[in-house]
Participant: 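Here it is, the structure in full.
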Amino acid sequence: ALGRGLDDATAIAISKNGANAYVASSASDAVAVFRRDAKTGGLEQLTGTDGCVSASGSGGACATGRALDGAIAVAITSDGHNVYAAAAISNAVAIFARNSKTGALSQLPGSAGCASEDPQCTTVSGLFDARGLALPSNGKHVYVAASTSGAVSALLRATR
């Protein structure tokens, strides 16, 4: 099946409950969202704009998001409430709330929706060429590896 927001797919994360898969795609500047069949492992992209979030909205095929240029890594919190995407060109981390029933993503509003040196985001330095994410099971931090910065940033999560 054809998918949306999958040009140069670079990373995948599967929710702890196994119900959803999220794919970071650097050329699409997107995170694609799939429902996963637990028995077969098959993936089906969510319909409409629930199926992906991209920097441009992909002509209406995806929801429009911020700080996703060059989305290269994706990770899900252990509680399943949030999804994070590292974006190398945006030098940022995009932050999403995850609908636990459908798997759909919605970017957090305002500066809570991303971390970068961009004034529209929560200001964080050391994210130039953000490429990797790690989330420990305690859910308190997000670690971001940034190639050009030569840094690993530890971000403290605002949890529910």
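Quick note: residue numbers are just sequence positions, from 1.
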Participant: What is the distance from atom CG of Asp69 to atom OG of Ser54, rounded to the nearest 0.5 Å?
Facilitator: 9.5 Å
Participant: First locate atom OG1 of Thr122, then atom CG of Leu108, and finally report the distance between them rounded to the nearest 0.5 Å.
Facilitator: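 These two atoms lie 9.5 Å from each other.
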Participant: Looking at Ala145, is its backbone amide N or carbonyl O close enough to the side chain of Arg131 to form a donor-acceptor pair, meaning the two atoms are under 3.5 Å apart?
Facilitator: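 No; zero donor-acceptor contacts below 3.5 Å.
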Participant: Give me the one residue out of Cys52, Ser25, Ser28 that meets side chain to side chain contact (heavy atoms under 4.5 Å, CB included) with Arg4.
Facilitator: Cys52
Participant: Going hydrophobic residue to hydrophobic residue with side-chain gaps under 4.5 angstrom, can you get from Val124 over to Val93?
Facilitator: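 In one cluster with Val124: Val93, yes.
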Participant: Would the distance check show the side chain of Arg66 and the main-chain N or O of Gly110 forming a donor-acceptor pair, the cut-off being under 3.5 Å?
Facilitator: yes
Participant: Thr49 side chain to Ala63 main-chain N or O, any donor-acceptor pair under 3.5 Å?
Facilitator: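 Judged by distance alone, no pair lies under 3.5 Å.
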Participant: Check the hydrophobic clustering (I, L, V, M, F, W, Y; side-chain heavy atoms under 4.5 Å; chains of links allowed) and say if Ile95 and Val74 are grouped together.
Facilitator: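 Ile95 and Val74: separate clusters.
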Participant: From Ser153 OG over to Leu133 CG, what is the distance, rounded to the nearest 0.5 angstrom?
Facilitator: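 Interatomic distance, Ser153 OG to Leu133 CG, rounded to 0.5 Å: 11.0 Å.
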Participant: Would you compute the distance between atom CG of Asn99 and atom CG of Leu46 and round it to the nearest 0.5 angstrom?
Facilitator: 9.5 Å
Participant: If I compare all heavy atoms of Ser137 with all of Ser78, which pair ends up nearest, and what's the gap?
Facilitator: O-OG, 3.0 Å
Participant: Which heavy atom of Ala130 sits nearest to which heavy atom of Val144, and what is that distance?
Facilitator: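 Here Ala130 and Val144 meet closest at CB-CG1, 3.9 Å.
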Participant: Using the side chain to side chain contact (heavy atoms under 4.5 Å, CB included) definition, which of the options Leu43, Leu105, Asp50 pairs with Val33?
Facilitator: Leu105
Participant: Between Ser149 and Ala151, is there a donor-acceptor pair closer than 3.5 Å when you use the side chain of the first and the backbone of the second?
Facilitator: no
Participant: Determine the sole option in Thr77, Asn20, Asp79 for which the side chain to side chain donor-acceptor pair (under 3.5 Å) test with Arg98 is passed.
Facilitator: Asn20
Participant: Could you tell me which non-hydrogen atom of Tyr84 sits nearest to which non-hydrogen atom of Arg157, and how far apart they are?
Facilitator: OH-NE, 2.8 Å
Participant: Mind checking the CG-CD spacing from Leu6 to Gln45? Nearest 0.5 Å is all I need.
Facilitator: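 The CG atom of Leu6 sits 5.5 Å away from the CD atom of Gln45.
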Participant: Is there a donor in the side chain of Ser26 and an acceptor in the side chain of Asp8, or the other way round, less than 3.5 Å apart?
Facilitator: yes
Participant: Does Ala92 offer a backbone N or O that forms a donor-acceptor pair with the side chain of Ser116 under 3.5 Å?
Facilitator: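 Not a single qualifying donor-acceptor pair exists.
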Participant: Rounded to the nearest 0.5 Å, how far apart are OH of Tyr22 and CD1 of Ile12?
Facilitator: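 Between atom OH of Tyr22 and atom CD1 of Ile12 there are 11.0 Å.
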Participant: Using every non-hydrogen atom in the two residues, find where Ala85 and Val31 come nearest and quote the distance to one decimal.
Facilitator: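 Closest approach of Ala85 to Val31, heavy atoms only: CB-CG2, 3.7 Å.
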Participant: How far apart are the closest heavy atoms of Ala94 and Ala67, and which atoms are they?
Facilitator: CB-O, 3.8 Å
Participant: Could you check if a side-chain atom of His141 sits within less than 4.5 angstrom of a side-chain atom of Leu156, using non-hydrogen atoms only?
Facilitator: yes
Participant: Spell out, as yes or no, whether a donor-acceptor pair under 3.5 Å connects the side chain of Ser58 to the backbone of Cys62.
Facilitator: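 No; judged by distance alone, with no hydrogens or angles, the pair does not exist.
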Participant: Taking the side chain as every heavy atom from C-beta outward, state whether Leu135 and Ile76 have any pair of such atoms under 4.5 Å apart.
Facilitator: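 Leu135 does not reach Ile76 side chain to side chain.
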Participant: Do Ser125 and Glu117 have side chains that approach each other closer than 4.5 Å (heavy atoms only, starting at C-beta)?
Facilitator: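 Answer yes - side chains close enough.
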Participant: Kindly give the heavy-atom pair with the smallest separation between Ala146 and Phe128, and that separation in Å.
Facilitator: CB-O, 3.4 Å
